[in-house]
Amino acid sequence: MQRVAKLSAGVLLYRLAGADVEVLIVHPGGPFWARKDIGAWSVPKGEYADDEDPWAAAQREFAEELGSPPPPGPRIDLDPVRQAGGKVVTAFAVGGDFDPATAVSNTFSIELPKGSGRLVEFPEIDRVAWVSVATARTKLLTGQRPLLDQLMAAPELAGYGEGLADDG
């Protein structure tokens with residue numbers, strides 16, 4: 001029996017900061033991710049059914065994870081990437097701005113401690129940040145880093161840099 005890959009769609013929001021490009025990334029909430037930083041961040045994204053439009057799913061997931069729809073900026077369709085666990089991520093780069101201080105994430109519940117019957121609620125996203133593309137190359141999940149290559153290869157961003165890496 002062949003296993004079908006899970007599908008996920010997201011918005012890679014970008015903006016120009018002088019001569020460089022910055023991207024908006026999110027850190028997952030919950031106890032598993034609490035002390036992880038490098039290689040733990042993601043583009044705002046979520047799963048969708050194979051009969052659903054990926055762009056519609058990406059917009060819905062952005063709104064669910066950040067509390068408002070993505071800005072209506074210019075869109076760049078990026079090629080899907082496959083994460084280590086097999087999930088296929090389709091992302092759309094959108095030029096625009098968003099204030100991370102206004103982010104309001106949806107929540108999820110897990111049983112803690114396991115087997116206790118006690119449900120604890122956590123935000124799906126616990127941090128939102130604008131970072132340089134250079135910083136995103138270390139903070140993003142490894143499987144999503146090729147999205148940055150595609151973004152920086154877009155003709156509309158020709159001549160713009162990746163900024164400085166902040167590994168802290």
Side-chain angles (χ1 to χ4, degrees), residues 1-14 21-96 98 103-112 114 119-129 131 133-157 162:
M1 181 174 189
Q2 189 176 18
R3 196 173 134 228
V4 177
K6 288 186 177 180
L7 302 173
S8 189
V11 173
L12 178 59
L13 195 62
Y14 70 93
V21 178
E22 292 181 333
V23 292
L24 187 79
I25 59 176
V26 298
H27 186 271
F32 178 79
W33 297 101
R35 291 186 171 86
K36 294 176 172 63
D37 187 57
I38 302 300
W41 293 67
S42 175
V43 301
K45 63 169 187 55
E47 291 184 8
Y48 69 98
D50 47 344
D51 63 345
E52 187 178 0
D53 174 50
W55 173 236
Q59 293 175 88
R60 178 194 69 233
E61 293 298 328
F62 188 97
E64 284 181 7
E65 293 191 353
L66 299 174
S68 66
R75 183 177 107 192
I76 303 168
D77 295 359
L78 304 175
D79 293 333
V81 296
R82 185 177 297 273
Q83 295 184 165
K87 183 181 287 184
V88 175
V89 177
T90 299
F92 303 88
V94 175
F98 180 84
V104 178
S105 178
N106 55 349
T107 60
F108 68 96
S109 298
I110 58 172
E111 184 181 26
L112 278 182
K114 193 166 179 85
L119 290 178
V120 180
E121 196 167 282
F122 294 96
E124 190 170 335
I125 300 302
D126 65 9
R127 285 180 273 164
V128 180
V131 298
V133 170
T135 296
R137 289 191 182 282
T138 62
K139 290 195 180 280
L140 275 180
L141 293 163
T142 304
Q144 293 180 23
R145 293 175 189 170
L147 297 171
L148 300 171
D149 295 332
Q150 293 181 54
L151 174 67
M152 294 308 294
E156 48 269 75
L157 296 179
E162 296 191 6

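Pairs of residues two or more places apart, or lying in two chains, that qualify as ring pair (Phe, Tyr, Trp, His ring centres under 6.0 Å) and include a residue from residues 28-54 are H27-W41.
Proximity of a side-chain donor or acceptor of R82 to a complementary backbone N or O of G143 within less than 3.5 Å is not detected. Within the 3.5 Å criterion, the main-chain N or O of D79 finds a donor-acceptor partner in the side chain of Q150. Listed for the S8 side chain is a donor-acceptor partner under 3.5 Å among the backbone atoms of G46. Judged by distance alone, with hydrogens and angles left aside, the side-chain atoms of Q83 form no donor-acceptor pair with the main-chain N or O of L141 at under 3.5 Å.
Atom OG1 in T107 sits 11.0 Å away from atom CD in E64 (nearest 0.5 Å). To the nearest 0.5 Å, atom CG of residue L148 and atom CD of residue E162 are 7.5 Å apart. Taken from CD in E124 to CG in N106, the straight-line distance is 4.5 Å, to the nearest 0.5 Å. To the nearest 0.5 Å, atom CD1 of residue I25 and atom OG1 of residue T135 are 8.0 Å apart. Once rounded to the nearest 0.5 Å, the distance linking NZ of K139 with CZ of R145 reads 11.0 Å. Interatomic distance, D53 CG to Q59 CD, rounded to the nearest 0.5 Å: 8.0 Å.
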Residues 84-94 side chain polar contacts: donor-acceptor under 3.5 Å, at least two apart:
{"residue": "K87", "atom": "NZ", "partner": "E47", "partner atom": "OE2", "Å": "3.3"}

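Under 4.0 Å is where a charged nitrogen must lie from a carboxylate oxygen, and between R137 and D149 at least one such pair does.
Residues that satisfy the ring pair (Phe, Tyr, Trp, His ring centres under 6.0 Å) test with F98, not counting sequence neighbours, are F62.
Using a 4.5 Å heavy-atom threshold, the side chains of P74 and Y14 count as touching. Looking at V23 and V131, their side chains come closer than 4.5 Å, going by heavy atoms from C-beta outward. Within the 4.5 Å cutoff, side-chain heavy atoms of R127 are placed close to those of D37. Considering only heavy atoms from C-beta on, P44 stays 4.5 Å or farther from I125 through its side chain. Between L66 and L24 the shortest side-chain heavy-atom distance falls below 4.5 Å. Annotation: side chain of P31 is in contact with side chain of I110 (closest heavy-atom distance under 4.5 Å).
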